[in-house]
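Accompanying notes for the structure given below.
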Amino acid sequence: MEVIAQKLPAKIDYKQFNSPPGGLLMWIVIFLEVITFGIGLARLVYNARLEPELFHTSRLQLNASIGAINTVILLSSGFFLAKGLHAFKQDNYLTTSFYLKWTLLGGWLFTMIKIFEYWNKLDAGLGMGANMFFTSYWLLTGFHLVHVVVGMVILGLMLRSLKTAPEKMALVDVEAGAAFWHMCDLIWLLLFPALYLIF
Amino acid sequence: MERTLNMTYLLLIALTLLTAVISTWTLLDGKMLVLVIMGIAAAKYLLVAFDFLEMKKAHFFWKFSIVFVCLLIIGVVGLFAVG
């Protein structure tokens, strides 16, 4: 019997309620994650109203330029991933692999810059217990960084599959991996202004 | 598709740079500055969701939900910050 490696249908009807890009389960995860971080941000701004001076002086101890650079890096990696997904849909695995590598490079740069920033904060004695602002800063950015690292692992596994058996990769799985990475973008787009700019 | 992605990316970078510049302005008063910065953040969030995540192709429910959640979070943060 001839066994034919088959991709799942390349065409997905995204207009159906139960098939958003990335799949229903991934979108439930995305909403739960974004809402959870949203609650964290609501707590941050609520606390800021209680001690506005403390939050202002604490915020000034963050480097907004580093935050902006990390935003550009994360947006660029998201852009490369969107291009990679577009190439995957056209069965252009080499191009997909190329863009995935750039996406991973973006994630790696983001992580390195974040570690550099954490190192500086710890060196200045601004750990999680320094004050209410820094408790929120460490919790929100720390959990976000964990998501970025998990996203990099997912992208790494996708890259490995692209090298070994790309024809066996289901579009919905690739889209789910991409959706997880874009979720990291979405969360950072909320964290950056709230932590680095507005107080 | 490719062209739309490129345009969205350029717009996102431009909005990020604009945010960085605006945050140093002293022309706007504090409350207005917060509203402008959070407004730009909302625009970037929706651009990523609709173009990079391709939510523009999704069912109305998902489009509505992503806009609703974005406006809810940005609204709460913005209003608490200026309130």
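Just so it is clear: chains get the letters A, B, ... in the order the sequence lines come, proteins before strands, and each one is counted from 1.
For a heavy-atom cut-off of 4.5 Å, chain B lies close to A:P20, A:P21, A:L24, A:W27, A:F31, A:V34, A:I35, A:G38 in residues 20-40 of chain A. The contact list for residues 52-80 of chain A toward chain B, using heavy atoms and a distance under 4.5 Å, reads A:A68, A:T71, A:V72, A:L75, A:S76, A:G78, A:F79 by residue number. Listed by sequence position, B:H59, B:F61, B:W62, B:K63, B:S65, B:I66 are the residues of residues 59-66 of chain B in contact with chain A, using a 4.5 angstrom heavy-atom cutoff.
A continuous path of Ile, Leu, Val, Met, Phe, Trp and Tyr side chains, each step under 4.5 Å between heavy atoms, connects A:W108 with A:I115, placing both in one hydrophobic cluster. When the side chains of ILVMFWY residues are joined at heavy-atom separations under 4.5 Å, either directly or via intervening members, A:L157 and A:L105 end up in two distinct hydrophobic clusters. Under the 4.5 Å side-chain heavy-atom criterion for Ile, Leu, Val, Met, Phe, Trp and Tyr, B:V21 and B:L12 are members of the same hydrophobic cluster. A continuous path of hydrophobic side-chain contacts links A:F98 to A:M152 [ILVMFWY only; heavy atoms under 4.5 Å]. Both A:L140 and A:L145 are part of a single hydrophobic cluster, where members link through side-chain heavy atoms under 4.5 Å apart.
If you measure heavy-atom distances from B:V69 to chain A, the contacts under 4.5 Å come from the side chain alone. In this structure, chain B has no heavy atom under 4.5 Å from any part of A:L44. Using a 4.5 Å cut-off between heavy atoms, A:A48 makes no contact with chain B at all.
Note: A:H182 NE2 to B:E54 CD = 8.0 Å, rounded to the nearest 0.5 Å. Interatomic distance, B:L53 CG to A:M183 CE, rounded to the nearest 0.5 Å: 10.0 Å. How far CG of A:L189 is from CD1 of B:I73: 11.5 Å, rounded to the nearest 0.5 Å. Here the straight-line distance linking atom OH of B:Y45 with atom CG of A:L190 works out to 6.0 Å at 0.5 Å rounding.
More than 12 heavy-atom neighbours from other residues, nucleotides or ligands sit within 6.0 angstrom of OH on A:Y118. Enclosure of atom CH2 in A:W102 is not indicated, since only 12 or fewer non-hydrogen atoms of other residues, nucleotides or ligands lie within 6.0 angstrom. Counted within 6.0 Å of CZ on A:F116, heavy atoms from surrounding residues, nucleotides or ligands total 12 or fewer; the atom is thus considered open. Applying the 6.0 Å contact sphere to CE of A:M112 captures more than 12 heavy atoms from other residues, nucleotides or ligands.
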Go through the steps to decide whether B:V34 and A:L197 satisfy the test side-chain contact (heavy atoms from CB on, under 4.5 Å), and finish with yes or no.
CA-CA 8 Å; B:V34 169; A:L197 301 176; over 6 Å; no

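Residues satisfying the side chain to side chain contact (heavy atoms under 4.5 Å, CB included) criterion with B:I40, sequence neighbours excluded, are B:L15, B:L18, B:T19, B:I22, B:V36, B:K44.
Here the shortest heavy-atom pairing between B:V77 and A:I198 reads CG1-CD1, 3.8 Å.
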